[in-house]
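A quick write-up on the structure given underneath.
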Amino acid sequence: MTIDSVWERMVATIDQLGDSLRWRTLPEKGVALDATAFLDLGFVETKNLKYDPAAFKEAHAAPVEV
Amino acid sequence: MKIESIVENVTINIDGQDVEVPKGINIIEAVKMVGKGKEVPHYCYHPKLTIAGNCRMCMVEMGMPMRDRATGEAVLEEDGTQKIAWMPKPTIGCATNASPGMHILTGSEMVKESRNGVTEFLLINHPLDCPICDQAGECRLQEFSAEHGRGYSRFIEDKNVKPKRTRLGPNVTLDDERCILCSRCVRFSKEVADDDVLGFVDRGTYSTLTCFPGKELSHNYSLNTVDICPVGALTSTDFRFKMRVWFLKRTHSICTESSVGANTEIWSREGKIYRITPRRNDEVNDTWMTDTGRALYKEIESEDRLVHYTIEGVHKASGEAAVAAAELLKSGKIAMVGSAHSSVEEQFFYKAIAERSGAKVSLVSHNGDGDGLLQSEDRTPNLRGALVTGLISELPSENLEALARDINSGAVKTILAVNEDLTELGISKDVLAKAKVIYVGSHANRTSEVANIVLPSLMVFEKDGSFINQSFRIQRFKAAIPGPLGVQPDFTVLEKIAAALAEREGYSDDHRLSMGAHGSDN
Amino acid sequence: MSHQETRLIFKHIDEEGYTNDIDCYVKNGGYDQLKKAVTMQPEDICAEVLTSGVRGRGGAGFPAGMKWKFLDRKSGKPIYLICNADESEPGTFKDRQIIHQDPHQLIEGMICAAFAIQAKLAFIYVRGEFFEGYKILERAIEEAREKNFLGDNILGTGYSCDIIVHRGAGAYICGEETGLIESLEGFRANPRIKPPYFPAALGAYQCPTIVNNVETLCDVKHIIEMGGEGFAKIGTPGNTGTRIWCVSGHVQKPGYYEFACADITLGQLIYDVCGGLKPGRKLKAVIPGGSSSKILRADERFTGKLKDGTEYDWGIEDIPMDFDSLMAVGSMSGSGGVIVMDDTTDMVEALANINYFYAHESCGQCTPCREGVPWMRKVTQRMVDGEAREEDADLLKSIADQIAGRTICAFGEAASWPVQSFIAKFKDEFVEKAQEQAARRKEGKETAEATTLI
């Protein structure tokens, strides 16, 4: 079992990962996943250096593709 | 997902080449962007701090298109090209912002001469103790001296003497003689850490970095001052004199202190970690990380580390332990206490195990105060991973009192606990004794002590994987050092358990399909 | 041959019976110009100041009217006026006399200027060592407030402005305008980088700010009195108004003398006005505008073309005392501190003194000045201590060249110009110093006599 085969299975079942993401080719700075399914959960985090819960929710509630 | 803010580009000329750069970007960044490896050397400039302009290393020659004062029309050379009005003095690149038509020379005689001058000046009172300096190998002064230095000294006077080992705070030791007074640390403490404790005392050549009277550099970001110190003045008290940096292997990783997921770099040699530093990610942590996050690796060598697969206290091979765990999980009335410390890959298998064993999954929250910077309230790195993998669909609870009731009522007979000490979460030792326990974790606790089966797990530094941070950014970490001898990557063992459970009688084909078409592939 | 001073700013300085209280000032026509000024349109006063051509008296000689024009009036932020009374250029002692003997002249000039630029608040940044001057200013401001020349609704015009006296913390660098602003705000007087922190846009508290010298602000009062054109008639075009020359050093009658620009030559100033040198001495050199200006050698010939195209061929005594002429001969009128040196002066010691001062006063913020200037001090100190080397002259020049033009503020030039000019003009003395010491060392004698550096 390698991490690559784990990922082959993961992308097959986890919608948010899409089809093309693979662990080995994941960008160094990471990839933002679609969070729309989880926006209504009351996460405990408040605003910090790069994360603003209100702004995050707003940006993801009305996703605009570039 | 976001609309990229539209940046206006301007054309400037760097060393004879017209290039497009975002308007207003400073010359250091502009050259970095288009210069193909060319760099404007600098000490005091830092992309995440305000401009100080005090080191004078980033001098460039700057000129603007000449215009007639009266008419505003462009003044042309004889050959019809735009005439450039060059400034008589060199100008600092860090405080020069790109505007249309600007001309920059980064390697002219004047530029070279002023860099060489600054280099000589920085060295005359520098102790030149590189052989014993921790910064050697990653020192800007050392690098630029090789490039812009004279190679010999014209300075025959006595050097200034300053304090050599000042304790600034619990984590930082200052060598004032090496300090080039760039003020990066001062600005960092004031602007980023919001704890204005550093400043200069005395004047001129005797200027000395110090903490304000009665203050300490004790905020949780103090080691960032060591990272951004371009010389060996600010040193990590922990790392000081431990290892030459050029012997260290660098591995990209993710900080597990909180859901921020600061990008990090693990510095290791021969299976031993020496330090952790932040890695720049402008979407997550800029170039910073907490002091506490840097100390997490120390738990690797802690004495209570779990290093053996055991069944009823007897050491076993990993495969045997996995089979035994699967057997236990087949017996029904299962509860799983998962963990937001597990990687996405591990959670994926926990989800499969939970599904196949019919386990009810709970997670426990680990919350603290957020500091508004890089330590968020949620002190786990991968709660979002548990959501995305479907391990849980609701936020974790504060304790396991509900599970305790289920054990007492006999609704739960077997518990798979991941990383959590159940006895601290509302399940007393007596209650826990009523159930069978499988424990998966890296360190011993009262739950692992009573567990029927113990599966030791690797720490983040020892394995490959990924976490999903507070803003649903999936980030990768890689193994920097090998784990304890014989301990397998968690997902290998978990996959075996999940596969064994899939063979279980009565397990529906639908569920098997949901695990993907590959099934068990080893 | 006697030369008549044109006493405009110093009209009442040292006048018998003239006191520094407001009654005496008003009796002598004081605050009449303020009364006139508040009837004018502020922009008209600015125009008069521009027409007058008055140049800053603090050292740089930048036209004050132009400086005012650069004010960022669109920002909507309050405008501040600061009087730079941190007089500390070695060889300069004029502002102190104004503050001590005629403070109301400064205050009147300041209120006129504040009204002209519509300043919300004005400051006098007074040198920390001027204890007495500080008290005098505080009292004078109180007097002016009582008479409603200052404070709310000045003379019923609806314009309000007050003056706050701020005592400096005692450093030369506090006289650099952005360093002054930092100090005024309560920080170390580290000069700011320009761009972006030009005071006219981002000055005190990041608001548009005008910083003018004491003498310049006094000139504003006289510009209102005689009009811009009237003021411009004093002196020559481009060099308008009077200058107060603070003469010190080896002359019989050191002191301050006010003349219209170009009304007098350097020779007349030294020999006629200041009574010449001590008997039997010969002129060796002159620093014409405070210690940072470049030194002039007594036997130099200065030739070239002035800005207006006229050719000149001057000996040191022929140089007209004004901005452009002193600039033409490669130095500057600076703050007006004329330091005269006769043939008893050891140029190495003189430079060691100057270097000591600048090394002590460097703020330490930027590299070339922080490291280079104390290096020059160490070299000249070593030279007078008996360890001079023949190559030191070239080394000094090279260090100075690495400083000038590379620093955050003009201190880099102020500290390098003396070294550059001393070496350019007296290099032989620096080399001889080393040779003499080497000869004495050979004979087994002490290489240096005891010297006293100030």
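Chain naming here is simple, since letters A, B, ... match the order of the sequence lines and numbering starts at 1 in each.
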Could you report the tightest heavy-atom contact between [X] and [Y], atom names first, then the distance?
X        : Y        : answer
C:Thr367 : B:Arg56  : N-CG, 4.2 Å
B:Ala52  : C:Ile408 : O-CD1, 4.3 Å
C:Trp375 : B:Arg154 : CZ2-O, 3.6 Å

Segment of [X] engaging chain B (4.5 angstrom heavy-atom cut-off):
X        : value
C:Glu361 : both
C:Ala404 : neither
C:Ile173 : neither
C:Arg382 : side chain
C:Ile193 : side chain
C:Arg192 : neither
C:Val373 : neither
C:Pro374 : side chain

Contact class of [X] relative to chain C, heavy atoms under 4.5 angstrom:
X        : answer
B:Ile92  : side chain
B:Leu122 : both
B:Tyr206 : side chain
B:Glu113 : both
B:Asp158 : backbone

Are [X] and [Y] side-chain neighbours, meaning at least one heavy-atom pair lies under 4.5 Å?
X        : Y        : value
B:Arg203 : C:His360 : yes
C:Gln365 : B:Phe200 : no
B:Asn160 : C:Lys378 : yes
C:Gln402 : B:Asn116 : no
B:Thr205 : C:Arg377 : no

For [X], look at atom [atom1] and say whether over 12 heavy atoms of other residues, nucleotides or ligands are found less than 6.0 Å away.
X        : atom1 : result
B:Lys48  : NZ    : yes
B:Lys215 : NZ    : no
B:Lys38  : NZ    : yes
C:Tyr197 : OH    : no
B:Arg150 : CZ    : yes
B:Lys159 : NZ    : yes

(request) Could you tell me whether the side chain of C:Arg370 and the main chain of B:Phe121 form a donor-acceptor pair under 3.5 Å? (result)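 The answer is no, because no donor-acceptor pair under 3.5 Å joins these two groups.
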(message) Between C:Arg406 and B:Pro90 (side chain of the first, backbone of the second, donor and acceptor by atom type, cut-off under 3.5 Å), is there such a pair?
(response)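 No; zero donor-acceptor contacts below 3.5 Å.
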(message) I need the C:Asn190 CG to B:Ser207 OG distance, nearest 0.5 Å.
(response)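 Going from CG on C:Asn190 over to OG on B:Ser207, the span is 8.0 Å.
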Which one, [options], leads in non-hydrogen pairs under 4.5 Å with chain C?
options                     : value
B:Val118, B:Ile156, B:Thr91 : B:Ile156
B:Cys44, B:Ala95, B:Cys55   : B:Cys55
B:Lys89, B:Met57, B:Met59   : B:Lys89

(request) Give the intermediate values and the outcome of side-chain contact (heavy atoms from CB on, under 4.5 Å) for residues B:Glu120 and C:Ser398. (result) CA-CA 12 Å; B:Glu120 178 172 40; C:Ser398 162; 5.5 Å; no
(message) Only pairs of heavy atoms separated by less than 4.5 Å count here; which of C:Ala171, C:Ala359, C:Gly364 has the most with chain B?
(response)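 Answer, by heavy-atom pair count under 4.5 Å with chain B: C:Gly364.
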